[in-house]
2 protein chains.
Amino acid sequence: MTERSYHHGDLRRVIIDTTLRMLKEDGGWQFTLREVARRAGVSHAAPYKHFPDKAALLSEIALIGFERLQEALLAAQVAAPDDLLAEFTAISHAYLTFGQNNPALYRLMFGGAIADTAKLHLEPRALGASRVVIDFLERGQAAGLVRKRPVQGQATACWAQLHGLTMLQLDGLLMPEKVGENAVEAALAALREGLVG
Amino acid sequence: MTERSYHHGDLRRVIIDTTLRMLKEDGGWQFTLREVARRAGVSHAAPYKHFPDKAALLSEIALIGFERLQEALLAAQVAAPDDLLAEFTAISHAYLTFGQNNPALYRLMFGGAIADTAKLHLEPRALGASRVVIDFLERGQAAGLVRKRPVQGQATACWAQLHGLTMLQLDGLLMPEKVGENAVEAALAALREGLVG
DNA sequence: AACTTATGTAGACATTGTCAACTTCAGGGC
DNA sequence: GCCCTGAAGTTGACAATGTCTACATAAGTT
């Protein structure tokens, strides 16, 4: 409880939490290891006892981001009415909302700030999110709603569309005066019309 | 010719060219002002006589990237056969190819490494690229090929899909063993089927 | 109680972005 | 031809960062 014992106890968790909090403040994507240490109240080299280097910490954070994204998608799916089209909309919006609520984290997950993004995205912890989409497509095809095409391709289309929309939104390029009142809905509609036969 | 006069002459151009060359080497997105100066053979502070700071140089580079993207799209459009569907495919592939050939530059354009991405993307020099897509959609609607929907929404859908695919590709997530042999084609097909009515 | 090991601290180093003060040189008004 | 003003480059400094090494402290094991 004192928090002032020489040994912090679970500094690792504190570092991760602090980093997540810093990312939420956004602040234009400035993030330094030393600042994390400062906020955690430890010396600037302490994080190195828990992460080999800055990239490792960021990778861990990104993986947590993927897990949270998966949770968000699953929650939306569960809460959606028992209608496949409505479910599609719910999942899509959950994805976009996640990006909007965690801009810096989302950018970290996809932005290439991490060295080997490929390996990161292929980790089991990161793959869960895309499983939600694939699941949906498989059920959609089984129900005869979604066109019978290779699911992988359709999933790629969904993923690309959602990711693209999220990035455009993050970059502030979806302002109504620039792109129409409900361009997002229109774009999602175009995707939907491409999927359902 | 001597290149050794105290005053370099057109250092600004040299700095830009060197930066572009460095971005092409990729090297995992390391880029420092001082390295540029070193390669250009000038002192480490010389770039400051031409750019107020690092961000300004990067913004300029990003704008050049948008111009090149526009050129690539236009070239593909012109070279395409006189068939709207073929033109669509040509433009799409040109976009993806651009991203694949200039990964670091592409990431710079969209990756949020630049402070105010919104302002950047709204510059006239950056808007040209999206004009190519909008043009295509308008002609497509006029010809009765593309569904009569708000063009802005359709353009958003196209842009999101192309951008999303490019990013997935850059992150190495479109490997055949992971996502099927021709997932890109399938994704583009889904988009096309959503656009043409 | 002594040893080992995980965890934290202090200090150093090279590198970076940026600024201020100095130097060089090209061009225009006399 | 000279001067002198200002643009373009240079040198040197500063604070901050990522990372390493050496040291200190605590927790557990034997």
Side-chain angles (χ1 to χ4, degrees), chain A residues 1-19 21-23 25-62 104 107-108 111-116 120, chain B residues 1-19 21-23 25-62 104 107-108 111-116 120:
Chain A
M1 271 324 175
T2 72
E3 308 202 5
R4 285 295 95 219
S5 52
Y6 191 92
H7 280 46
H8 189 291
D10 66 342
L11 184 64
R12 189 187 155 94
R13 173 97 12 141
V14 172
I15 288 178
I16 290 179
D17 289 351
T18 308
T19 305
R21 217 171 299 128
M22 286 175 65
L23 284 195
E25 295 172 10
D26 206 343
W29 181 236
Q30 74 218 356
F31 162 78
T32 74
L33 262 191
R34 287 172 111 108
E35 175 69 14
V36 168
R38 242 170 267 138
R39 298 211 193 184
V42 295
S43 80
H44 62 260
Y48 282 86
K49 300 293 168 171
H50 298 273
F51 301 94
D53 57 3
K54 187 181 175 181
L57 170 56
L58 289 182
S59 290
E60 174 62 28
I61 299 293
R107 280 220 153 88
L108 176 64
I114 289 172
D116 195 352
L120 182 76
Chain B
M1 266 331 170
T2 72
E3 308 201 6
R4 285 295 95 217
S5 53
Y6 190 92
H7 282 45
H8 189 290
D10 67 341
L11 183 64
R12 182 173 216 273
R13 173 98 12 143
V14 173
I15 287 178
I16 290 178
D17 289 351
T18 308
T19 305
R21 217 170 301 127
M22 286 174 65
L23 284 196
E25 295 173 8
D26 205 345
W29 181 236
Q30 75 218 357
F31 163 78
T32 74
L33 262 190
R34 286 172 113 108
E35 176 68 15
V36 169
R38 243 169 265 138
R39 298 211 195 184
V42 295
S43 78
H44 62 259
Y48 282 86
K49 300 292 166 174
H50 298 274
F51 300 94
D53 57 3
K54 187 182 176 181
L57 169 56
L58 289 182
S59 289
E60 174 62 28
I61 298 294
R107 281 219 151 89
L108 176 63
I114 289 172
D116 196 353
L120 182 77

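Note on naming: letters A, B, ... go to the chains in the order of the sequence lines (proteins, then strands), and numbering restarts at 1 for each one. Note that the coordinates shown come from a computational prediction; the quantities given were computed from them, not determined experimentally.
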Self-check item: Residue met sooner reading DNA chain D from 5', once B:Lys49 and A:Lys49 are mapped to nucleotides
Solution: B:Lys49

List, one per line, each side-chain donor-acceptor pair under 3.5 Å for residues 49-62 of chain B, sequence neighbours excluded.
| unit_1 | atom_1 | unit_2 | atom_2 | d |
| --- | --- | --- | --- | --- |
| B:Asp53 | OD1 | B:Ala56 | N | 3.1 |
| B:Lys54 | NZ | B:Phe31 | O | 3.4 |
| B:Ser59 | OG | B:Ala55 | O | 3.1 |
| B:Glu60 | OE1 | B:Arg125 | NH1 | 3.4 |
| B:Glu60 | OE2 | B:Arg125 | NH2 | 3.1 |

Check nucleotides 10-15 of chain C for protein N or O atoms closer than 3.5 Å to its own N or O atoms and list the pairs.
| unit_1 | atom_1 | unit_2 | atom_2 | d |
| --- | --- | --- | --- | --- |
| C:dG11 | O6 | A:His44 | NE2 | 2.8 |

Quiz item: How close or far is atom C1' of D:dC20 from atom CG of A:Leu33, stated in whole angstroms?
Solution: 14 Å

Quiz item: Can you pull the side-chain hydrogen bond (donor to acceptor under 3.5 Å, both in side chains) pairs that have at least one residue in residues 34-45 of chain B, sequence neighbours excluded?
Solution: B:Glu25-B:Arg39, B:Glu35-B:Arg38, B:Glu35-B:Arg39

Quiz item: Looking at CZ of B:Arg12 and CD1 of B:Ile15, how far apart are the two atoms once the value is rounded to the nearest 0.5 Å?
Solution: 8.5 Å

Self-check item: Whole angstrom value for the distance that separates P of C:dT24 from CG of B:Leu11
Solution: 19 Å

Quiz item: Looking at C:dT9, D:dT19, D:dG9, which one has an atom nearest to any side-chain atom of A:Tyr48?
Solution: D:dT19

Quiz item: Hey, can you pull the residues of residues 50-62 of chain B with a non-hydrogen atom under 4.0 angstrom from DNA chain C?
Solution: B:Asp53, B:Lys54

Exercise. Please say which of B:Val14, B:Val36, B:Leu33, B:Leu108 ends up in a side-chain contact (heavy atoms from CB on, under 4.5 Å) with B:Thr19.
Key: B:Val36

Quiz item: A:Ile15 CD1 to D:dG18 P: how many Å, rounded?
Solution: 13 Å

Quiz item: Atom CG in A:Asp17, atom CE in A:Met22: separation rounded to 0.5 Å?
Solution: 13.0 Å

Quiz item: In whole angstrom, what separates B:Gln30's CD from C:dT16's C1'?
Solution: 13 Å

Quiz prompt | Interatomic distance where CZ belongs to B:Arg12 and P belongs to D:dA8 [whole Å] | solution = 11 Å

Exercise. Would you mind reading off the distance between A:Asp10 atom CG and C:dT7 atom P, rounded to a whole angstrom?
Key: 11 Å

